[in-house]
Amino acid sequence: MSGCIKVLFARSPARVDAILINTSGGLTSDDSLTLNIDVQAGGTAALTTQAAERAYRAPQGPAHVKSTLTVGDNATAFWLPQELILFDGAHLDRRLTCALAGGARFLMVEPVIFGRAQMGEHLKTLAFKDRIEISRKGAPLYLDALHLTADLLEQSAIASNAGAMASLIYVGPEAAGHAEALQSRLPAQAGLSLLQDDVLALRLLAADGFALRQTLLPLLDHLTGHTLPTSWRL
């Protein structure tokens, strides 16, 4: 694909709200998306998507998505894409890299749905690689790598046949203060860790996309100060 990403800037008095739109309709073999985003010193920006992204069957090899964020001194960036729906036979390599300057705040969520439950979809084959790298002033702050296949999703120690999952990271001086409030909202299939006083990590499993949103929306509302981008409400 070439030139398939458009950006809609929604009205917001306190920050830049950018809604990413993939006009191609989804991802399949050999597709490649590259995003480079720079939030300059003192700025505030929220980046989201118009709707769920879709990764379709990819028999000729993986699709690739690479997103790179740079967040300047005392800037704030919210990386809040809506769900990635993985269809049967999907093959996707995805990477998110975020470089934070001193005093930068960062909120990230990556929701993933393993087939649409209401359509009776079940993943028989899947190859999904997902890597998240967050650094601050050049030093590693958070590194995470997943390599999921359909059989791994069935294992009780990994996903126990969950229909959806989300990873959430918050970096900022308020992280420790948020931990207790978030913990009280989590279901049994979720875990939260305060990696440092200003770094919070959360992973959540859910039966389907609807259940995932029921948990995620209050968490994101809390962490964004009830300024979650409008496209999440549609």
Side-chain angles (χ1 to χ4, degrees), residues 1-27 31-55 63-84 92-112 129-146 166-175 198-202 216 220 223-225 227-232 234:
M1 296 183 293
S2 177
C4 66
I5 294 292
K6 294 184 177 181
V7 182
L8 173 67
F9 292 98
R11 293 182 179 179
S12 176
R15 67 183 185 214
V16 174
D17 273 12
I19 302 174
L20 305 175
I21 304 169
N22 181 1
T23 60
S24 71
L27 300 162
D31 287 343
S32 180
L33 297 181
T34 301
L35 300 172
N36 293 288
I37 298 150
D38 185 6
V39 183
Q40 296 184 358
T44 302
L47 301 112
T48 185
T49 53
Q50 181 186 37
E53 182 61 276
R54 292 163 172 80
H64 298 269
V65 177
K66 183 178 180 180
S67 304
T68 302
L69 282 75
T70 303
V71 187
D73 289 332
N74 300 310
T76 298
F78 296 158
W79 176 255
L80 304 172
Q82 296 190 67
E83 296 87 348
L84 166 67
L92 175 63
D93 286 0
R94 186 174 71 171
R95 175 173 292 213
L96 172 66
T97 303
C98 180
L100 303 175
R105 289 174 168 84
F106 182 56
L107 169 62
M108 179 220 84
V109 69
E110 289 284 8
V112 182
K129 292 182 179 179
D130 195 28
R131 185 172 179 87
I132 299 168
E133 303 177 3
I134 303 173
S135 62
R136 180 163 54 196
K137 295 191 290 186
L141 191 64
Y142 178 84
L143 302 174
D144 184 47
L146 293 175
S167 299
L168 184 152
I169 306 295
Y170 180 82
V171 180
E174 310 88 352
D198 60 352
V199 182
L200 182 153
L202 184 155
L216 267 186
L220 294 174
L223 290 170
T224 61
T227 64
L228 191 60
T230 304
S231 61
W232 271 85
L234 302 178

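The figures here come from the full heavy-atom set of this structure, side chains too, leaving out hydrogens, waters and symmetry mates. All residue numbers in this chain count up from 1 along the given sequence.
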Any Pro229 side-chain heavy atom under 4.5 Å of Gln82 side chain: no
Hey, can you pull the donor-acceptor pairs under 3.5 Å for the side chains in residues 134-143, sequence neighbours left out?
from	atom 1	to	atom 2	distance (Å)
Arg136	NH1	Asp198	OD2	2.8
Arg136	NH2	Asp198	OD2	3.3

ring-ring contact (aromatic ring centres under 6.0 Å, His included) involving Phe78 - partner list, sequence neighbours excluded: none
Minimum-distance pair of heavy atoms, taken over all atoms of Leu92 and Val65: CD1-CG2, 4.0 Å
Heavy-atom pair of closest approach, residues Cys4 and Asn22: SG-OD1, 3.4 Å
Approximate separation, where rounding is to 0.5 Å, of Leu47 CG and Ser67 OG: 9.5 Å
Over all atoms of both residues, closest heavy-atom pair of Leu228 and Thr224: N-OG1, 3.4 Å
side-chain contact (heavy atoms from CB on, under 4.5 Å) against Ala10, all qualifying residues, sequence neighbours excluded: Asp17, Ile19
Can you give the donor-acceptor pairs under 3.5 Å from side chains of residues 100-111 to other protein atoms, not counting sequence neighbours?
from	atom 1	to	atom 2	distance (Å)
Arg105	NE	Glu174	OE1	3.4
Arg105	NE	Glu174	OE2	2.9
Arg105	NH2	Glu174	OE2	2.8
Glu110	OE1	Arg94	NH1	3.1
Glu110	OE2	Trp79	NE1	2.9

Residue pairs involving residues 37-50 (criterion side chain to side chain donor-acceptor pair (under 3.5 Å); sequence neighbours excluded): Thr48-Trp232
Pairs touching residues 64-83 that satisfy salt bridge (charged side-chain N to carboxylate O under 4.0 Å, His left out), sequence neighbours left out: Glu83-Arg213
Closest heavy-atom pair and its distance - Val39, Thr76: CG1-O, 3.9 Å
Side-chain heavy atoms of His64 within contact of Arg95, under 4.5 Å: no
pair Val71-Cys98: side-chain heavy atoms closer than 4.5 Å: yes
Pairing residues for Asp144 by the salt bridge (charged side-chain N to carboxylate O under 4.0 Å, His left out) criterion, not counting sequence neighbours: Arg203
Contact check, side chains of Leu168 and Leu223, non-hydrogen atoms, under 4.5 Å: yes
Gap between atom OG1 of Thr97 and atom CG of Leu35 - 0.5 Å precision: 11.5 Å
Exercise: identify the closest heavy-atom pair between Gly26 and Ser24: O-OG, 3.2 Å
Closest non-hydrogen atom pair, Leu200 against Ala175: CD1-O, 3.6 Å
Note, Val171 side chain near Ile169 side chain (heavy atom, < 4.5 Å): yes
Results of salt bridge (charged side-chain N to carboxylate O under 4.0 Å, His left out) for Asp93 - residues two or more places apart only: none
Validation row: Ile132, Leu146 side chains within 4.5 angstrom (heavy atoms): no
side-chain hydrogen bond (donor to acceptor under 3.5 Å, both in side chains) against Thr230, all qualifying residues, sequence neighbours excluded: none
Atom pair CG/CG of Asn36 and Leu69 - distance to nearest 0.5 Å: 9.0 Å
